[in-house]
Amino acid sequence: MHLELRQLRYFVVVAEECNITRAAVRLHIAQPPLSRQIQALEERLGVQLFERGSRPLRLTEAGRFFQSHALQLLAQAAELESMTRRVGKIERKLSLGFVGSTLYGLLPEVIRRFRAENPAVELTLHEMATVEQIAALKDGRIDVGFGRVRHEDPHVRRIVLREERLVAALPAEHPRLASNGPLSLKELATGTLIVFPKAPRPSFADQVLAAFRDRGLTPESIFEAGELQIALGLVAAGEGAAIVPVGLNPLRRDDVGYRELDDPQLVSPIIFSMRAQDESEDIRALRRLIYRLYREKGIPHFPERE
Ligand code: BEZ
């Protein structure tokens, strides 16, 4: 039998109390098993720790030596316990920044599955624009960002996970919804285009505006909405049309309809960003989970990179 921490605790209390009965009370155990543990300890060490027959109990010289080292070992064990908990807590925190529209893609499931598979990781969520994510990654407020705007920063690694097709959101009563076939940006340019978010820029709004510009088109008028839900509310109110990622389709409202666009190049990327040198195991686990979900659900995506 090896020396056990439990025996050290028993011994230290008996030595402090100089009395088995009082020590047993303090340790919440019966007296006979406590006496047996002290005897077993003496047998294992092959020395007397207490002087035979002494009342109150007196430590032998070996007993005093053992007592001082047992106290140190117990203190170290307590420190080891609390330090490990602290280190574990510090290292196993993952702060995740996301743009609102990713909530209509795979993000909710990614979060649920990550929490279920990594219960020791404390996951916190922060809604923020892609440009804000870059600053937040660099100053340590977040560890991972999910955004839509391509960015260049030497300290941030950008991984494009997949691209979502864009669709047009129109008021439910709009005559174009009744007609067949995909819509063109040219047709959409003839009315008011509602883009979002208004700030901070560049944002998804600029991706949409660039798509028109790249095709030599200028929307008749542009309305900048603060965020996605406002844009869809304004579409419902008949103020114009918006262009949104196809993932938003499950968010159907009765008063908004969606139409495909005629150009397969009209896509919005979902971008995973992290600090360039961050090799955390938790981040790796998150990335592996995302690709696993893509494979499980048959969602087209870019190849997984190390
Ligand atoms: C996605 O919809 O592909 C996605 C969104 C957020 C995080 C990971 C994946």
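Each ligand, and each atom within it, is numbered from 1 in the order the structure gives.
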Would one find an N or O of Y294, backbone or side chain, under 3.5 Å from an N or O of ligand 1?
yes

Would you indicate which of Y291, F146, F272 comes nearest to atom 8 (C) of ligand 1 when only heavy atoms are counted?
F146

What are the atoms of ligand 1, with element, lying closer than 4.0 Å to any heavy atom of L106?
1 (C), 2 (O), 3 (O), 4 (C), 5 (C), 9 (C)

Do you see a donor-acceptor pair shorter than 3.5 Å between the side chains of E51 and T60?
no

Using a 6.0 Å cut-off, check whether atom CD of E61 has over 12 heavy atoms from anything other than its own residue.
no

Which of the atoms in ligand 1, numbered in the order shown and given with their element, are less than 4.0 Å from a heavy-atom of G105?
2 (O)

Are any non-hydrogen side-chain atoms of I299 and L106 less than 4.5 angstrom apart?
yes

Using distance alone, decide if ligand 1 has a nitrogen or oxygen within less than 3.5 Å of any nitrogen or oxygen in L107.
no

Once you measure the plane-to-plane angle for F11 and F50, does it fall in the parallel (<30°), tilted (30-60°) or perpendicular (>60°) bin?
tilted

Are the side chains of Q265 and R215 in contact, using a 4.5 Å heavy-atom criterion?
yes

Could you tell me whether R162 approaches ligand 1 through its side chain, its backbone, both or neither, with non-hydrogen atoms closer than 4.0 Å?
side chain

